[in-house]
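Contents: one structure, followed by commentary.
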Amino acid sequence: MLDIKKGVSLLPYNTLKMNVKAEMFVEISSIEDLKNLSSQTGFPERKKLILSAGSNVLFSGDFDGLIMHNGIFGISVVSEESDHVILKVNGGESWPNLVEYTVEQGWGGLENLTLIPGKVGAAPIQNIGAYGVEVKDVIVSVEAFDFTTGQQVVFSNDQCQFGYRSSIFKTTAAGRYFITAVVFRLSKFPILNLSYGPLKQAFEGKSSVSIQDVSAEVARIRQSKLPDPEMIPNVGSFFKNPMVDQTLADKIAMDFPGLPVYPQNESHVKLAAGWLIEQCGWKGYRMGEVGVHEKQALVLVNYGHGTGAEILNLASKIQDNVFEKFGVILEPEVNIY
Ligand code: EPU
């Protein structure tokens, strides 16, 4: 039964803890709910937003439309072979709980993505990633409800057009689909990914490393750098790591030999936005109720009563400063509404 509520506070639904309201709010518990909702008169024209855990959104003010909250739960094993398991997970399930569950089962693939806040349905949208792994590496397919046709569709991994913090659901098909489930292929004989420097160092010289060990180490690294949104409201990385021409990177490195550079292809490299921001002196900077995290300059935080306008003001000052100093454009990673 659909229950469309009016004037709902979004405070419990966004990890940056913006104190804003939604004009309308509905909990989606099934595909049936989506069919009923989308066949209502006025639905296609209405401004709307699918919200999961709200761990990658910035509300710059009240939302004058309909929020559809993903509450479709359930996990099932689709098939199990001697070396892998195919797992279907509905979109409303918690991402960190899913990782914990798969690690406990000894199914490898998600361990590097331990403790990323959010829900499963949002994971493919921005192709969440951390410590050398992206969710695209283990996704078989994505199931979604198409608001345009009123039908369920299945996207293969290729059809999702995954990129760095990007997919078709964030670009050409933004807003068209509600992700109802994600299908993963997890390995029973895990192939560990220890390519991320600090992770590699932690296990240097150790002969038998399990996925449980990797998950525990990732949790330790995260907790040492990234603020827990429950304690200090935040949305993880606020900006993407910028992709720049090799020539620009070389020019910057002449003045700043410590510049971290991640080669992407023959002519482009990725730079560490957190490093660029720290070099501009913003790390730990506080401006009223908002600020830059003291241990990770890529994370903007709300000290309690910050507003969207204050966060955006701080973000734009940082962008201007990084551009002036390095000639690099920082793009937000967070979705702004
Ligand atoms: N760095 C600094 N100062 C800072 C932050 C970083 O000098 O304040 C330097 C580090 O020393 C390192 C480099 O920048 O040399 C990269 O830092 P780190 O390994 O901490 O990762 P990141 O590039 O800042 C990315 C993801 C994170 C993910 C980590 C680990 C993006 C936008 N962010 O951050 O993802 O957890 O790598 O893999 O790609 C998120 O998306 O919300 C997120 C937290």
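Whatever order the structure lists them in is the order used to number ligands and atoms, beginning at 1. As a basis for the values below, the full set of heavy atoms in this structure was taken, side chains included, without hydrogen atoms, waters or symmetry mates.
Ion pair K35/D33 not flagged as a salt bridge, since none of the NZ, NE, NH1 or NH2 atoms sits closer than 4.0 Å to an Asp/Glu carboxylate oxygen. Comment: R165 engages E333 in a salt bridge, judged by a side-chain N to carboxylate O separation of less than 4.0 angstrom.
Near E278, with a cut-off below 4.0 Å to any heavy atom, the atoms of ligand 1 are 2 (C), 3 (N), 4 (C), 7 (O), 8 (O). Residue contact check: Q296 has heavy atoms under 4.0 Å from atoms 4 (C), 5 (C), 8 (O), 20 (O), 22 (P), 24 (O) of ligand 1. Taking a cut-off of under 4.0 Å to the non-hydrogen atoms of G236, the atoms of ligand 1 that pass are 42 (O). Residue A272 has at least one heavy-atom neighbour below 4.0 Å for each of these atoms of ligand 1: 13 (C), 14 (O), 16 (C). Heavy-atom contacts of F239 reach the following atoms of ligand 1: 32 (C) (cutoff under 4.0 Å). Annotation for ligand 1: atoms under 4.0 Å from non-hydrogen atoms of R165 are 26 (C), 27 (C), 31 (C), 33 (N), 35 (O), 39 (O), 40 (C), 41 (O), 43 (C). Every atom of ligand 1 is numbered from 1 in the order shown, and the set under 4.0 Å from a heavy atom of K283 is 3 (N), 4 (C), 8 (O). Remark: ligand 1 atoms within the under-4.0 Å shell around heavy atoms of Y164 are 31 (C), 32 (C), 39 (O).
Cation-pi geometry between K48 and F43 is met: the NZ or CZ atom falls under 6.0 Å from the ring centre, inside 45° of the normal. Annotation: cation-pi pair K270/Y164 present, NZ/CZ under 6.0 Å from the ring centroid and within 45° of its normal. The side-chain tip of K325 does not point at the ring of F256 from less than 6.0 angstrom away and within 45° of straight on.
Within a 6.0 Å sphere centred on NZ of K200, other residues, nucleotides and ligands contribute 12 heavy atoms or fewer. The environment of L11 atom CG is dense: over 12 non-hydrogen atoms of other residues, nucleotides or ligands sit within 6.0 angstrom.
In terms of protein heavy-atom proximity, atom 19 (O) of ligand 1 is closest to Y196 OH, 2.5 Å. From the protein, the heavy atom lying nearest to atom 15 (O) of ligand 1 is P260 CG, 3.8 Å. Nearest protein neighbour of atom 20 (O) of ligand 1, counting heavy atoms only, is K225 NZ, 3.0 Å. At the top of the distance list for atom 36 (O) of ligand 1, counting protein heavy atoms only, stands A130 CB, 3.7 Å. Taking atom 41 (O) of ligand 1 as the reference point, the nearest protein heavy-atom neighbour is E333 OE2, 2.6 Å. Protein heavy atom in closest approach to atom 25 (C) of ligand 1: N241 ND2, 4.1 Å.
Comparing P242, A297, S237 against atom 44 (C) of ligand 1, the shortest heavy-atom distance belongs to S237. When W275, Y131, Y262 are checked for heavy-atom proximity to atom 12 (C) of ligand 1, Y262 turns out nearest.
For atom 2 (C) of ligand 1, the protein comes within 4.0 Å by at least one heavy atom. Atom 8 (O) of ligand 1 lies below 4.0 Å from at least one non-hydrogen atom of the protein.
Between the side chains of H69 and E27, at least one donor-acceptor pair of N or O atoms lies under 3.5 Å.
Note that CD of E111 and CD of Q212 are 9.0 Å apart. Values are rounded to the nearest 0.5 Å.
The shortest N/O to N/O separation between K240 and ligand 1 does not fall below 3.5 Å.
No path of Ile, Leu, Val, Met, Phe, Trp and Tyr side chains, each step under 4.5 Å between heavy atoms, connects V133 with L115, placing them in separate hydrophobic clusters.
Relative orientation of the Y177 and F169 rings is perpendicular, given thresholds of 30° and 60° on the angle between their planes.
Side-chain contact check for Y196 versus L194: every heavy-atom pair is 4.5 Å or farther apart.
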